[in-house]
There are 2 protein chains.
Amino acid sequence: MATIEDVAKAAGVSRSTVSYALSGKRSISPETRQRIDAAIKILKYTPNAGARALRTSQTSVLGLLVQFHDDEFAPAMLQYILPIADTARSLGYDILMMTEADGAEALTRTTESGMVDGLVLLDVTDDDPRLDALRAARQPSVLVGLPGNTRGLDVVDLDFEGAARTLVDHLHELGHRELILVTPPQHVYDRGGAYSWRFRDAAAQRAAALGIGLAVHCGESQQPAINQSWHDFLDGSPGATGLIVHNDASVAALPHVLHQRGIRVPDDLSVVSLYSQDFARWFSLPYTFVDSSPSMLGQLAVEQLARRIQASDHAGPHGTRLLSADLVDRDSTREV
Amino acid sequence: MATIEDVAKAAGVSRSTVSYALSGKRSISPETRQRIDAAIKILKYTPNAGARALRTSQTSVLGLLVQFHDDEFAPAMLQYILPIADTARSLGYDILMMTEADGAEALTRTTESGMVDGLVLLDVTDDDPRLDALRAARQPSVLVGLPGNTRGLDVVDLDFEGAARTLVDHLHELGHRELILVTPPQHVYDRGGAYSWRFRDAAAQRAAALGIGLAVHCGESQQPAINQSWHDFLDGSPGATGLIVHNDASVAALPHVLHQRGIRVPDDLSVVSLYSQDFARWFSLPYTFVDSSPSMLGQLAVEQLARRIQASDHAGPHGTRLLSADLVDRDSTREV
DNA sequence: CTGAAAGCGCTTACAG
DNA sequence: CTGAAAGCGCTTACAG
């Protein structure tokens, strides 16, 4: 591979001149610049990333920490990963993706060795075991998902409380007075996925304030338990006129279950949910929903991280940013 | 961050001794080793990745080139990415994931700058625009997916021809003589996704050889076109007793369509397909299938790539390896 | 069994 | 507007 020395020789200048021509940090005469550009093109010169990183302590690489759980509904994950990768690239960064179970180890390994300029953490839990290592790292980071203790951290997440209230209010305004809420499965609570109880508690509180009956159930994550649980929930609340679903695997199975039972939406039952546009498309889901906005969250996270990295004054964290979610009306609800 | 110099001082030895203690490339006295290990632990020393890469021209990073298409059924992608990341890590590599549209540029950028030791390419097409850049790169690589011209390349892919024959034979042995085949959507053919015609042509040839009638249709990739196309296909072949589906989005919608039409499987119709275990689980698909084995393919690809990277003799490519796929019988077929 | 030193390919303060 | 030189943190051939 060509080095900066090769380019300098070919262009008849010094290495420093080539370097400055590349960085634009000092003015170069037009003729010199032309010779350098020509040499770079001919030699197909690309600066060596390792040498640059060694010299500048900057890698132009962001670490992305993803956690996978066997019991998880994985299709949803990619919706976060792609916009993160795309936004990173548009800001000049590449993505080093780590999927191993021991996220804290991966975090330490890549930060201590200087492989990354910053980190994005996905699937953050209430008491996330990666946070101690994160606070000890010298690189900045952004979490997607709200942990219990946000001290010293940058966090981006959906406003799940607001989303829950939006959906309860929507059904309340249409006259519904008895609702069913299906939440994420039990293991999400157990694991500390705070979005599960943040949504649930806000929905319950709002329903209580509005005098609405709300039957709350943990949904399942695997067939055939999912379909069975649906039958149980529906049988258990024969008077319910509205259904709020906050559970990807369960809502994906819902059209089939409702069809089986001969329940028409919205004629017999009003249904609202919380998921993303892409998810709705993949699973052909026709329900009114609050957009979980994974691409917006991913984009915000990376933009915030890039800002932190480039902040010359080593400014402290920006804090927690909760994205308020919009209702997308798909006419799966009706007045009662 | 602590450097090797810090460790050397703390342990009262030279930098080279620390380096050799770390690499194990020469013997170190037990006392010295102990002092070094202690210093490393106290200082939390991790070698700087940039410096090591500069010196050794090895990064312990593999590039992963993923291509996304707006019209694609993205959930399937993650099944390849995860096992690749896991296998890489178990072999000591991290993954630099590139998702940008211009894969050739990403490839050149990361190889020329020495950011990666090797590359895995996903979604390889018949006339893949990344292959010229790939052949010019100094790092080895492995493709997942068979291109038209494999000269000088390492390829891992499913034996789609064998999979097609397995499925046709399975139905033939049960007495079926009139079948429907639903293939990937037209845009997959247009894009050069060779698996589409490899499967189709092998199925057609086998059916012809066995004297079976085979109605071949391109499936759709988006609702509501998917459901409509299913009705067209089924209406168009009222005498068909067996259905072969090679289309993720279409097969995901099939249970609902069959239920709508009151078609019972296998009583009224035998159904077989080609997809992965995870896919079947996510979409609750109950059909007999040939396992598309994404995790096996990802693992084989990375193992082969690691072998190429570590081959001291710069051995040439291993060639093309087609994984023969197994039939998983889920009792969605019956004798006719 | 251990050390001193060269050098990987950059960037940038210093000098002109 | 341009150049010579130091130094980032490693690894390894050379020397003992």
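What you are looking at is a predicted structure, and each value in this text was computed from that prediction instead of being measured. Quick note on labels: first sequence line is chain A, next is B, and so on, each numbered from 1.
- Atom pair L22(B):CG and dT11(D):P shows a separation of 7 Å (rounding to whole Å applied).
- Taking 4.0 angstrom as the limit, S57(B) places none of its side-chain polar atoms (N or O) nearer than this to OP1 or OP2 of dC8(C).
- With sequence neighbours excluded, the residues forming a side chain to side chain donor-acceptor pair (under 3.5 Å) with D117(B) are T59(B), listed by chain and number.
- Nearest nucleotide to the S14(B) side chain, out of dA4(C), dC10(D), dA4(D): dA4(C).
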Polar pairs (N or O, both sides) under 3.5 Å between protein and nucleotides 12-16 of chain D?
| unit_1 | atom_1 | unit_2 | atom_2 | d |
| --- | --- | --- | --- | --- |
| dT12(D) | OP1 | K25(B) | NZ | 3.4 |
| dT12(D) | OP2 | K25(B) | NZ | 3.1 |
| dT12(D) | O4' | R55(B) | NH2 | 3.2 |
| dA13(D) | N7 | Y20(B) | OH | 3.3 |
| dA13(D) | N6 | Y20(B) | OH | 3.1 |

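- When both pairing distances are held under 3.5 Å, dA4(D) makes no Watson-Crick or G-U pair with any nucleotide shown.
- In summary, the side chains of S19(A) and S16(A) do not present any donor paired with an acceptor at a separation below 3.5 Å, with no hydrogens or angles considered.
- Nucleotide dA13(D) forms a pair with no other nucleotide shown, judged by Watson-Crick or G-U wobble geometry with both contacts under 3.5 Å.
- In this structure, the CD atom of E5(A) is 11 Å from the C1' atom of dC10(C), given to the nearest Å.
- Rounded to a whole Å, the CZ atom of R52(B) is 17 Å from the C1' atom of dG7(C).
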Task: Step-by-step side chain to side chain contact (heavy atoms under 4.5 Å, CB included) determination, V61(B) to Y93(B) - done: CA-CA 5 Å; V61(B) 173; Y93(B) 294 95; over 6 Å; no

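- Spacing between atom CD of Q58(B) and atom P of dT11(D) amounts to 12 Å, rounded to whole angstrom units.
- Taking atom CG of L54(B) as the reference point, atom P of dG7(C) lies 14 Å away to the nearest angstrom.
- Per the geometry, CD1 belonging to I40(B) stands 15 Å off C1' belonging to dG9(D), to the nearest Å.
- Distance I4(A) CD1 to dC8(D) P: 19 Å, rounded to the nearest Å.
- K9(A) places its NZ atom 18 Å from the C1' atom of dT2(D), with the value rounded to the nearest Å.
- If you check dC10(C), dG9(D), dC1(C) against the side chain of N48(B), the one that comes closest is dG9(D).
- D154(B) pairs in a salt bridge (charged side-chain N to carboxylate O under 4.0 Å, His left out) with only one of the listed residues (R135(B), R308(B), R307(B)), which is R308(B).
- Checked by atom type, the side-chain pair D86(B)/T99(A) shows a donor-acceptor distance below 3.5 Å.
- For the C1' atom pair drawn from dT12(D) and dG16(D), the interatomic distance equals 16 Å after rounding to whole Å.
- Checked against L122(B) for a side-chain contact (heavy atoms from CB on, under 4.5 Å), the options L143(B), V66(B), L297(B) give a single hit: V66(B).
- Across all strands, T32(A) comes closer than 4.0 Å only to sugar-phosphate atoms, never to a base (heavy-atom distances).
- Listed pair T3(B) / dC8(D) fails the phosphate criterion, with no side-chain N or O lying under 4.0 Å from OP1 or OP2.
- No side-chain donor from either of S90(B) and T87(B) sits under 3.5 Å from a side-chain acceptor of the other.
- Each of A51(A) and S27(A) was assigned the nucleotide of DNA chain D with the nearest heavy atom; the assignment lying further toward the 5' end belongs to S27(A).
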